[in-house]
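All of these numbers come straight from a predicted model, not from anything done at the bench. Residue numbers start from 1 in every chain, and the chains themselves are labelled A, B, ... in the order their sequence lines are given, proteins ahead of strands.
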2 protein chains.
Amino acid sequence: MSADDSTAEAPRKMMAARLRAANLRATRQRVGLAELIFGSSHRHMTAEQLYSEARSEGLNVSQATVYNTLHSFLEAGFLREIVVDPRRSYFDTNTAPHHHFYYEDENRLEDISPSAVRLEQLPSPPAGTRISDVDVVIRVSKR
Amino acid sequence: MSADDSTAEAPRKMMAARLRAANLRATRQRVGLAELIFGSSHRHMTAEQLYSEARSEGLNVSQATVYNTLHSFLEAGFLREIVVDPRRSYFDTNTAPHHHFYYEDENRLEDISPSAVRLEQLPSPPAGTRISDVDVVIRVSKR
DNA sequence: ATTAATGCAAAATCTTTGCACTTTC
DNA sequence: GAAAGTGCAAAGATTTTGCATTAAT
């Protein structure tokens, strides 16, 4: 269990405080989901995965609440959305700049540290626009 | 109209020949869609866009056929799928290695020439896997 | 003639919405 | 007790599927 950031361990009280700091009421569902999401180290998940986990932990939430919560957390900057599959969204607890391996055979993401990819040169954004994100996805499959 | 590749202009006969070379029967629908897709210069499109275009050109196709055709063309290597939006798939007629701007405000893709991005260093693929693709997407939005 | 492709409508997914009910502050 | 959040079921959107019909070779 890492000691390098304030979301590790995630005792109920601390999660609640973090939620309130983001103007999110500390409801039972949100605190429960937050513990699942941020309870251990960084992770990637889909809405469906989170929903199943919650249910199997005995946390009583609806799908709508899972989606609402994920979106609230996105807005609050607690999560980042990763687009690798047109069928579903992935959410990443690591909001710092970094890149991804996507295991096509397993529908699974894995972080790549930003230092493992050197992007030496980027085009400047078209006039009137600003860069909001640079995503590098390395798709891998079984050899 | 570019003269630099065999798909430019795309007279019906030539499209039909290209289809047959890929073991695809030259049906009226496929030839019609191929003309829309490859008729001018390189482009990006969603299934829905292609379907609307076909209908407004008077080409009688169903949605299922549009999807079937896009997938056949993907398999044949005529198209490449670009994942930037979890809601829908984009298809790119440019199958050569290159990268993309994604205009978040307009849901629109634009090619970035491969020379405009210098990827100096890539991590090696995890054991037992091979890299099937490296996608770089620069998301831009109105300033 | 054989076999592939098409079209339609129905189903499957994933996600969002509307609204009454509940909970938090 | 006011306002925000939740749950449910229904609706949306995109994509896939099943199967009878049509068209290409």
Mind checking salt bridge (Lys or Arg N to Asp or Glu O under 4.0 Å) for A/Glu75 and listing every partner two or more places apart, or none if nothing turns up?
none
Once you round it to whole Å, what is the distance between C1' of C/dT23 and CG of A/Leu19?
15 Å
End-to-end axis angle, where each axis spans five pairs of the helix from C/dA1-D/dT25 to C/dC25-D/dG1, to 10°:
30°
Specify the residues of residues 49-58 of chain B, ordered by number, for which at least one heavy atom lies under 4.0 angstrom from an atom of DNA chain C.
none
How long is the line joining CG of A/Asn23 and P of C/dT24, in whole Å?
17 Å
Using only side-chain N and O atoms of A/Gln29, determine if any of them is under 4.0 Å from OP1 or OP2 of D/dG7.
yes
Which atom pair, heavy atoms only, marks the closest approach of A/Leu74 to A/Phe91?
CD1-CE2, 3.8 Å
Do A/Leu50 and A/Leu19 sit in the same hydrophobic cluster, where Ile, Leu, Val, Met, Phe, Trp and Tyr count as joined when their side-chain heavy atoms come under 4.5 Å apart?
yes
Using a 4.5 Å side-chain heavy-atom cut-off and chaining through intermediate ILVMFWY residues, the residues clustered with B/Val83 come out as A/Val83
Output the rounded distance in Å from CG (B/Leu59) to P (C/dT6).
10 Å
For B/Asp111, enumerate each residue passing the side chain to side chain contact (heavy atoms under 4.5 Å, CB included) test, keeping only those at least two apart in sequence or located in another chain.
B/His44, B/Asp92, B/Asn94, B/His98, B/His100
Which heavy atom in A/Met15 sits nearest to a heavy atom in A/Phe38, and how many Å separate them?
CE-CD1, 4.2 Å
Quick check: is B/Tyr67 connected to B/Leu36 through a chain of hydrophobic side chains (ILVMFWY, heavy atoms under 4.5 Å apart)?
no
Residues from residues 68-86 of chain A sitting under 4.0 Å of DNA chain D, heavy atoms only?
none
Quick one: which protein N/O atoms are closer than 3.5 Å to N/O atoms of nucleotides 10-14 of chain D? Pair and distance per line, please.
unit_1: D/dT14; atom_1: OP1; unit_2: B/Arg88; atom_2: NH1; d: 3.0
unit_1: D/dT14; atom_1: O3'; unit_2: B/Arg87; atom_2: O; d: 3.4

Give the minimum heavy-atom separation between A/Leu79 and A/Met45, together with the two atoms involved.
CD2-CE, 4.5 Å
Please name all residues satisfying salt bridge (Lys or Arg N to Asp or Glu O under 4.0 Å) with A/Glu48, sequence neighbours left out, ordered by chain then number.
none
Would you kindly give the CG-to-P distance between B/Leu33 and C/dA5, to the nearest whole Å?
14 Å
Salt bridge (Lys or Arg N to Asp or Glu O under 4.0 Å) with B/Glu106: which residues, sequence neighbours excluded?
B/Arg108
Does the pair A/Asn60 and A/Arg28 meet the rule for a side-chain contact (heavy atoms from CB on, under 4.5 Å), with working shown?
CA-CA 9 Å; A/Asn60 199 298; A/Arg28 185 174 49 77; 4.2 Å; yes
Sequence neighbours excluded, which residues qualify as salt bridge (Lys or Arg N to Asp or Glu O under 4.0 Å) partners of A/Arg118?
A/Glu120
Taking every heavy atom of A/Phe101 against every heavy atom of B/Pro123, the minimum-distance pair comes out as CZ-CG, 3.7 Å
Could you give the CZ-to-C1' distance, from B/Arg30 to C/dA4, as a whole number of Å?
8 Å
Closest heavy-atom contact between B/Leu33 and B/Ala54?
CD2-CB, 4.0 Å
Under 4.0 Å protein heavy-atom contacts per nucleotide of nucleotides 20-25 of chain D, with B for base, S for backbone only and - for none:
----BS
Rounding to an integer number of Å, can you tell me how far A/Gln63 CD sits from D/dA9 C1'?
11 Å
Result block: side-chain N/O donor-acceptor pairs under 3.5 angstrom for residues 125-138 of chain B, not counting sequence neighbours:
unit_1: B/Thr129; atom_1: OG1; unit_2: B/Pro126; atom_2: O; d: 2.6
unit_1: B/Arg130; atom_1: NH2; unit_2: A/Ser141; atom_2: OG; d: 3.4
unit_1: B/Ser132; atom_1: OG; unit_2: A/Glu104; atom_2: OE1; d: 3.0
unit_1: B/Ser132; atom_1: OG; unit_2: A/Arg139; atom_2: O; d: 3.2
unit_1: B/Asp133; atom_1: OD1; unit_2: B/Arg80; atom_2: NH2; d: 3.3
unit_1: B/Asp135; atom_1: OD2; unit_2: A/Arg139; atom_2: NE; d: 2.8
unit_1: B/Asp135; atom_1: OD2; unit_2: A/Arg139; atom_2: NH2; d: 3.4

Any link between A/Ile37 and A/Leu24 through a network of hydrophobic side chains (Ile, Leu, Val, Met, Phe, Trp, Tyr) touching at under 4.5 Å?
yes
